[in-house]
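Encoded as structure tokens, the structure appears first; notes follow it.
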Amino acid sequence: MKRLLVLFCVLVVSSISLSSCTVNDNDMGDKAAHKWEDFVQKNLIGDWVPVSIAFGPVIGVPIKTIPYPHKPDCNKDLLIMRKDYSGAFNRQLNDCVLKQTKLTWKHRFADVSFVTEDGRTIKSVPLHKDSKSLVLLFPAAEFPEIVKMIDPTGELITSENIKFLMFKVTYVK
């Protein structure tokens, strides 16, 4: 009988100690995940208008800085980043025809990456972000159309040095 009582006590104690408490551990993890997501997304969510492009090496003085080439008399180009990690880049073509490139985005440690609807991945480094401005650094080799716009003659940018050059794009809300 003593053995049964000891066995019963061990069973009761172990079942109490192994049962979960009233606070759901998953709720704590979910709260932490939401707080982290809010922190990561802070100052990235919104509609961003590009205002300038600086071109040059990662470190040092830019070789050339130009205002972003919005089409006159058209809506301004726009980078849209939504809370659900979806977004788009709206670009005005000739005659103010809108070209929208849908994308998804994510922010991980020291980069913000975009995946376009055609599967192209574009990585950038956020140099600055606050509630009104955002500065992203992109590899120049990823954007031949901007390279031609900045250096139409090909004197500054060669196939040898393009892999070391970056575009710093400044956006405002």
Side-chain angles (χ1 to χ4, degrees), residues 27 29-152 156-157 161-173:
D27 287 346
D30 289 344
K31 285 180 185 175
H34 287 299
K35 290 287 186 191
W36 175 250
E37 189 170 305
D38 289 344
F39 173 75
V40 166
Q41 290 185 343
K42 184 179 181 182
N43 299 326
L44 288 174
I45 304 301
D47 295 353
W48 296 99
V49 177
V51 292
S52 68
I53 301 172
F55 169 74
V58 175
I59 299 171
V61 181
I63 295 169
K64 191 173 186 179
T65 301
I66 63 168
Y68 186 87
H70 293 286
K71 300 286 185 210
D73 302 322
C74 296
N75 291 330
K76 295 188 181 226
D77 292 356
L78 191 65
L79 173 63
I80 302 165
M81 298 172 73
R82 295 187 188 98
K83 187 167 179 63
D84 66 357
Y85 295 102
S86 67
F89 186 71
N90 293 344
R91 186 164 179 233
Q92 300 295 326
L93 302 176
N94 294 332
D95 300 326
C96 298
V97 173
L98 173 69
K99 178 184 179 191
Q100 183 178 64
T101 303
K102 293 182 180 181
L103 53 87
T104 58
W105 65 276
K106 65 182 172 182
H107 184 300
R108 291 180 77 161
F109 304 110
D111 77 16
V112 175
S113 60
F114 302 93
V115 178
T116 62
E117 58 195 343
D118 63 357
R120 179 178 173 202
T121 299
I122 302 164
K123 292 190 176 194
S124 70
V125 176
L127 297 179
H128 173 80
K129 64 177 182 170
D130 64 33
S131 62
K132 303 229 186 263
S133 65
L134 173 66
V135 180
L136 297 176
L137 191 67
F138 295 95
E142 291 285 324
F143 298 96
E145 65 278 6
I146 298 175
V147 170
K148 286 181 183 175
M149 184 176 55
I150 288 184
D151 185 23
L156 293 174
I157 307 166
N161 70 8
I162 194 168
K163 57 188 162 210
F164 303 110
L165 300 174
M166 307 293 276
F167 290 122
K168 181 169 68 172
V169 183
T170 302
Y171 301 87
V172 295
K173 278 191 179 175

Is there a side chain to side chain contact (heavy atoms under 4.5 Å, CB included) between Val125 and Leu127 once you walk through the steps?
CA-CA 6 Å; Val125 176; Leu127 297 179; 4.2 Å; yes
Verdict with supporting geometry, Ser113 and Asp111, side-chain hydrogen bond (donor to acceptor under 3.5 Å, both in side chains):
CA-CA 6 Å; Ser113 60; Asp111 77 16; 4.7 Å; no
Applying side chain to side chain contact (heavy atoms under 4.5 Å, CB included) to Lys129 and Val112, what does each step give before you reach the verdict?
CA-CA 11 Å; Lys129 64 177 182 170; Val112 175; over 6 Å; no
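Across Leu44 and Met81, no two heavy atoms sit closer than the pair O-CB, 3.5 Å. For the pair Tyr68 and Ile53, the tightest heavy-atom approach, listed with the atom from each and the gap, is CD1-CD1, 3.8 Å.
Checking side-chain atoms of Asp84 against main-chain N and O of Ser86 turns up a donor-acceptor pair under 3.5 Å. Checked by atom type and distance alone, the side chain of Asp77 pairs as donor or acceptor with a backbone atom of Gln92 at under 3.5 Å.
With rounding to the nearest 0.5 Å, the separation of CE in Met166 from CD1 in Ile63 is 12.5 Å. Note: Lys71 NZ to Leu93 CG = 7.0 Å, rounded to the nearest 0.5 Å. With rounding to the nearest 0.5 angstrom, the CZ atom of Arg120 is 12.0 Å from the CZ atom of Phe114. Atoms CD1 and CD1, on Ile80 and Ile45 in that order, are 12.0 Å from each other to the nearest 0.5 Å.
Between Trp105 and Tyr85, the ring planes lie tilted relative to each other; the angle falls in the 30° to 60° range. Between Phe143 and Phe167, the ring planes are perpendicular. Angles over 60° get that label, and only those under 30° would be called parallel.
Counting only heavy atoms from C-beta outward, the side chains of Ile162 and Pro144 never approach each other to under 4.5 Å.
Under the side chain to side chain contact (heavy atoms under 4.5 Å, CB included) test applied with Val169, the options Ser124, Pro50, Ser52 reduce to a single match, Pro50.
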